[in-house]
Amino acid sequence: MADNQRPVIYQLLPRLFSNTCPTPVPSAPITINGSGKLNGITAETIRYIKSLGCNHIWLTGVLEHSHDADYTRYGIARHNPHVIKGLAGSPYAITDYYDIDPDLAEDVPHRLEEFDACVKRIHDAGMKVVIDFVPNHVAREYHSDSAPAGIEDFGKGDNQDMFFSPQNNFYYIPRQKFSPEADMGSGPDAYIEFPARATGNDCYTAFPGVCDWYDTVKLNYGVDPSNGWGHFDPVPPTWFKMLNILRYWAARGVDAFRCDMVHMVPVAFWHWAISGVKKDYPDVLFIAEIYDVALYRPYIFDGGFDYLYDKVTLYDTLRAIETGNVSAACLTSCWQTVEGIGGHMLNFLENHDEQRFASVQYAGDAARVLPSLVVSATIGTGAMMIYFGQEIGEPGADAEGYSGHDGRTTIFDYWSIEKVRRLYDGGTCGGPLSKEERILLEQYRTVLNLINREDALRDGAFFDLMYVNYDNPHFNPHRQYAFLRKGRDATLLIAVNFDDRNVDLKINVPAHAFDVLGISPRECRCTELLSGRRSTIVFSDERPASFALEAHGAAIWRIPHARAKKASQPRAVSAEND
């Protein structure tokens, strides 16, 4: 992958992606529903993902985490079912930061070697590997039996009589038993924790509710919750343990870390840890899951993150346009909010936390996605991400068990997804698709490949056209959005239509756009990059650009720049031949 490429990430859960169980049963164990394997991410699979325009694969949930399956015959302790959410467990309740989850291995004793082989296959295809780094919390039964020599477990040596000490790895509620609202069992199978430790979602009591992250324990980075003060000198022991984990996986070939809930960990740690990793692994990327816009800039400029989730601005606005009565014109506020840091944003329409676009809880129809997809992929110069099955319209309609019917693909259950199973086709990723699925797949493939094929989208300038079209009778700012991206050889005129009806647009382009972008007005034959069709487009401040858009459609017109006249050839170049 070239250094100047925008990251285009394909997120998949190996447990689900390569699971071919034909008839999964809700709430069933791995012995019935099975589990996808890392070996199932074949060379053919990787080539398919690359063909979509992706250059990174995020292997979600590969670190060992709480699960119900029994691997005691391999010397792996069984987890208490009362502190597991679902049977497969949350991938974010880590039980060993230095191990691969045995559910994903065909040969459990060689699970790390199978991970290494998967990383090699991805690298051999010219792609990069992303895994999760979960810094804020661990599973309640965390214990590493795979850590390198000299690495101490979390909690070893903690003073459990203190609620807070910067030398502790956990926060304790002294003299109190862990007593959540969830059932902790009775008799020999009961889960007993004494003294109780704080729960992962900053719940500093012994009595978390069922909606709290009661399956996890909050890690202590030297911040006293009673007053918010940070005690970072000397460096807290949790920092060193986390840095060791990051360096361990970077040394195994991991190219990027998607860091979970970074705003729940002090920015000072990130500055220290990211610089500590990049000292020896300068090309490793750090991607932040973050939900506080006020912290975007500190976590980029102080923390050192390369990319941040743009969930609360662009994602939430696109969703509100699709599902509510929010105007498309509000998209202007999205880029304004991140102006100056737009190249650090990671855009998406789906991930494991969000409802599927095609779900009844969201759009209800995958065919409506093109306007949102085009805006998400082309409005900035940062990273773009899709979630496995999104490209064929997976609706998240299954009630898999613990997850329930919530419009999301479960992360808690052993399951197999019918659409993905057909696409996966035993690892070939050439399985039979419906006409509608094939059309949608080609839309994704076209849009995602344009991200790095067109330099205007890769690193070009941006100009919003909305302010000169609010009063335009041939443009509805409530349902349409338009902007320019300028590259070295061409300017792209991009327009999307969120409306349920076809529209004939006439888009005003102001003289200021030509001045700011340093381009010349012209009329010429242009190519629409989504469909490949050719047409004459007026690109001028004196007459609007005119073209039709279908309902839930989009257009990306590539307008080549006028060629400079050569002194030896004074004859003007015909626009028709540009």
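FYI, side chains are in, hydrogens and waters are out, and symmetry mates aren't considered; it's all heavy atoms of this structure. None of these values were measured; they are calculated from a predicted model.
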Partner residues of P371 under the side-chain contact (heavy atoms from CB on, under 4.5 Å) criterion, sequence neighbours left out = V496, F498, H552
Would E350 and R356 pass as an ion pair if we require N to O under 4.0 Å?
-> yes
Give a yes or no answer on whether the side chain of D413 reaches the backbone of W415 with a donor-acceptor pair at less than 3.5 Å.
-> no
Could you tell me whether a side-chain N or O of S18 sits under 3.5 Å from a main-chain N or O of G36, the two making a donor and an acceptor?
-> no
Donor-acceptor pairs under 3.5 Å, side chain of residues 538-548 to any protein atom, not counting sequence neighbours: which ones?
unit_1, atom_1, unit_2, atom_2, d
S540, OG, E542, N, 2.9
R543, NH2, E523, OE1, 2.8

Tell me, with the steps shown, if R533 and E528 meet salt bridge (Lys or Arg N to Asp or Glu O under 4.0 Å).
-> CA-CA 5 Å; R533 72 184 185 271; E528 199 286 297; 3.4 Å; yes
H352 vs W58 aromatic rings, parallel, tilted or perpendicular, using cut-offs 30° and 60°?
-> perpendicular
Shortest non-hydrogen pair, I290 vs H263, comes out as CA-ND1, 3.5 Å
Using the test salt bridge (charged side-chain N to carboxylate O under 4.0 Å, His left out), find all partners of [X] that sit at least two apart in sequence or belong to another chain.
{"X": "D260", "value": "R258"}
{"X": "K486", "value": "none"}
{"X": "E418", "value": "R422"}
{"X": "D455", "value": "R488"}

Which is it for D306 and K278 under the salt bridge (Lys or Arg N to Asp or Glu O under 4.0 Å) test, yes or no, and what are the steps along the way?
-> CA-CA 12 Å; D306 298 286; K278 291 200 174 192; 2.8 Å; yes
Can T527 and R558 be counted as having a side-chain donor-acceptor contact under 3.5 angstrom?
-> no
Can the ring centres of F17 and Y424 be said to be less than 6.0 Å apart?
-> yes
